[in-house]
There are 2 protein chains.
Amino acid sequence: MTQAPLDTEPDDSGPPTCFSCPNRERTEWCVLTEAETKFLVGRKKSRRYLPGETIYRQGDPCNGIYCVESDMVGIRRNDPDGNSILLGIAYEGTILGYRSYLADEEHRCSAEALKACTLCFIDAATLRQLLQGNPDLGLQFLKRTARALGQAEDKFFQSVTLTIRTRFAHLLLVMKDRYGQEHDDGGLVMELPLSRQDLASMIGVRPESMSRLIRRFEDEGIAFFSGRRVHVPRLHILMDEIQSADLA
Amino acid sequence: MTQAPLDTEPDDSGPPTCFSCPNRERTEWCVLTEAETKFLVGRKKSRRYLPGETIYRQGDPCNGIYCVESDMVGIRRNDPDGNSILLGIAYEGTILGYRSYLADEEHRCSAEALKACTLCFIDAATLRQLLQGNPDLGLQFLKRTARALGQAEDKFFQSVTLTIRTRFAHLLLVMKDRYGQEHDDGGLVMELPLSRQDLASMIGVRPESMSRLIRRFEDEGIAFFSGRRVHVPRLHILMDEIQSADLA
DNA sequence: CGCCAGGTTGATTTCGCTCAAGCAATGTGG
DNA sequence: CCACATTGCTTGAGCGAAATCAACCTGGCG
């Protein structure tokens, strides 16, 4: 469950050397010197995960951080009675588990591969050395963490002030940035990477409520859903959904 | 609105020199060298605020950070239609506005003195110099930010999974740590520093609901409220309120 | 004295949850 | 290849929690 040697692609197979990593510029690592990067390459461990596979589990001690090399990872949190909510999605070029590492706590969330994906693991000792050696790296993390904090506060604020309808509209608009294909006629099509259940949990509602919500959106011509495909005929109507709530 | 010279206590009046600050050990500044602290003392501006006075306003550009020297500051966020919710309270020895500074954004919240209190302002340029000069300071901020992020995620999670009732019990228990006076008989008395409206906004409900909630707690013998004074006859009953919710 | 903000209370409505059933797609074993 | 379980999603009926609307009370203050 934690390590499956057969799945592991050996490091010397080429690509995953940080230098050639296509995400390099987007990650915190971009401030590292060549020597530091070389050090990192020598210490990190790349590994491939299957869809649905757990990367780390809520409550585990945090032994290091992960860097998403390709595809997407879901961040989940479980409550004691077993149902999980999806707190966010991490894409290639983002770092995972840094909050627990930095706060010096155990993991508060689980991370799970949403598709087949490959991650690099950087153990705590290595990271500590890098942070100590290059202050800019710390500042990079600081910025990322501060941004994440702002988003988390937003989420709380929205959860107590907005209706689920508006929250869903928000979610769709966020998804649009990554999955949306806009057409000239103001229409939008996207293929969501999530099940209904996960969609529901992201805005904090029961799956049944999500179903009904989708139904209402369709009845009102705001958006049409078939499987994971979404069609929004007129984007501005979806936008209005948010505006009207803000002013109401 | 931003600076009122008449209220400003001159720095040379004694106390506020960081060296003698009773909060020193609790703040991020404790990692500064003597020279750096001296630099900080020379650059910071201490100022007194009246109860209810605004320290900075949501949407303002972030020109620096504030360090709470004494008493308490409320962190509020307003939605477009004017009602505000209280996101948290900052006490002496904590730093304010660092999120916006670090994320390089404008303030997302307003800060308002809940009592008469005095804060030190450290302008962005000074802070930048300190951060650049002493990597440990950045790591201090990093830890604090990471912790705050964890708390914010908790808050969101709780707002969607717990009932109002449980959230209120949580809030009371948090308040207990600072304001509670426990008696031998298992009882607890505290003087809350907040109006009903603010209490309500902290758990994301309308004031009317807060009234009813309080009523229910009294009817059930869980806690008794008179003005801002709260009496909890048996603490463990309040605790149970949280337990039962977690297991339910 | 009258005003006003903050707080309480009641009546009503709305929203989202629970429980329960049904359905389609997928998988499994014979 | 078919009967059968399983899983994810949808739908309906009923319920309960919290919001809304509205009235009223209270204490502070001009």
Side-chain angles (χ1 to χ4, degrees), chain A residues 51-52 74 76 79 81-86 112 114 157-171 191-220 223-230 241 244-245 247-248, chain B residues 51-52 74 76 79 81-86 112 114 158-171 191-220 223-230 241 244-245 248:
Chain A
R76 289 182 192 287
D79 56 0
D81 39 320
N83 32 23
S84 81
I85 83 164
L86 189 61
E112 167 202 321
L114 289 177
F157 186 71
Q158 291 183 5
S159 75
V160 300
T161 55
L162 304 181
T163 64
I164 64 172
R165 198 185 153 97
T166 315
R167 268 142 67 199
F168 188 42
H170 257 119
L171 179 60
E191 183 82 22
L192 298 179
L194 300 175
S195 69
R196 297 289 147 108
Q197 303 203 32
D198 280 337
L199 283 179
S201 78
M202 286 195 84
I203 60 170
V205 297
R206 303 276 139 197
E208 300 96 317
S209 296
M210 176 52 78
S211 265
R212 290 183 232 277
L213 193 52
I214 286 176
R215 192 90 211 306
R216 271 175 63 200
F217 270 31
E218 289 181 334
D219 288 349
E220 298 174 30
F224 299 89
F225 299 75
S226 105
R228 294 185 171 189
R229 183 169 295 271
V230 188
E241 204 55 49
S244 60
L247 307 175
Chain B
R76 289 183 190 286
D79 55 359
D81 39 320
N83 32 22
S84 81
I85 82 165
L86 189 61
E112 168 202 319
L114 288 178
Q158 291 183 6
S159 75
V160 301
T161 55
L162 303 182
T163 64
I164 277 183
R165 200 186 151 93
T166 316
R167 268 143 66 201
F168 188 42
H170 257 119
L171 180 59
E191 183 82 22
L192 298 181
L194 299 175
S195 68
R196 299 287 147 107
Q197 302 203 36
D198 279 338
L199 283 180
S201 78
M202 286 195 84
I203 59 171
V205 297
R206 302 278 139 195
E208 299 96 316
S209 297
M210 177 52 76
S211 263
R212 289 183 232 278
L213 191 52
I214 285 176
R215 193 92 208 308
R216 270 175 64 199
F217 270 32
E218 288 182 336
D219 288 348
E220 298 175 29
F224 299 88
F225 299 76
S226 106
R228 293 185 172 189
R229 184 169 294 271
V230 188
E241 206 53 50
S244 60

> Checking side chain to side chain contact (heavy atoms under 4.5 Å, CB included) for the pair D198(B)/R76(B): CA distance, chi angles, key distance, verdict?
Replying inline: CA-CA 10 Å; D198(B) 279 338; R76(B) 289 183 190 286; 2.9 Å; yes

>> Between I203(A) and H170(A), is there a side-chain heavy-atom distance shorter than 4.5 Å?
In response: no

> At what distance, to the nearest 0.5 angstrom, does CG of L213(A) lie from CG of L199(A)?
Replying inline: 10.0 Å

>> Rounded to whole Å, please give me the gap between CZ in R228(A) and P in dG8(D).
In response: 10 Å

>> For the CD atom of Q197(A) and the OG atom of S211(A), what is their distance to the nearest 0.5 Å?
In response: 10.0 Å

> Is the F225(A) ring parallel, tilted or perpendicular to the F168(A) ring (thresholds 30°, 60°)?
Replying inline: parallel

> On DNA chain C, which is the earliest and which the latest nucleotide, 5' to 3', with an atom closer than 4.0 Å to a heavy atom of chain B?
Replying inline: dG6(C) to dA11(C)

>> With a 4.0 Å limit, can you tell me whether R196(A) has a side-chain N or O closer than that to the phosphate oxygens OP1/OP2 of dT10(D)?
In response: yes

>> Within the 4.5 Å heavy-atom criterion, are L114(A) and E112(A) side-chain neighbours or not?
In response: yes

> Taking atom CZ of R165(B) and atom CD of E220(B), what is their separation to the nearest 0.5 Å?
Replying inline: 4.0 Å

> Looking at CD of Q158(A) and OG1 of T163(A), how far apart are the two atoms once the value is rounded to the nearest 0.5 Å?
Replying inline: 10.5 Å

> How does protein contact run along nucleotides 15-30 of chain D, one letter per nucleotide 5' to 3', with B for base contact, S for sugar-phosphate only, - for none, heavy atoms under 4.0 Å?
Replying inline: ---SSBB---------

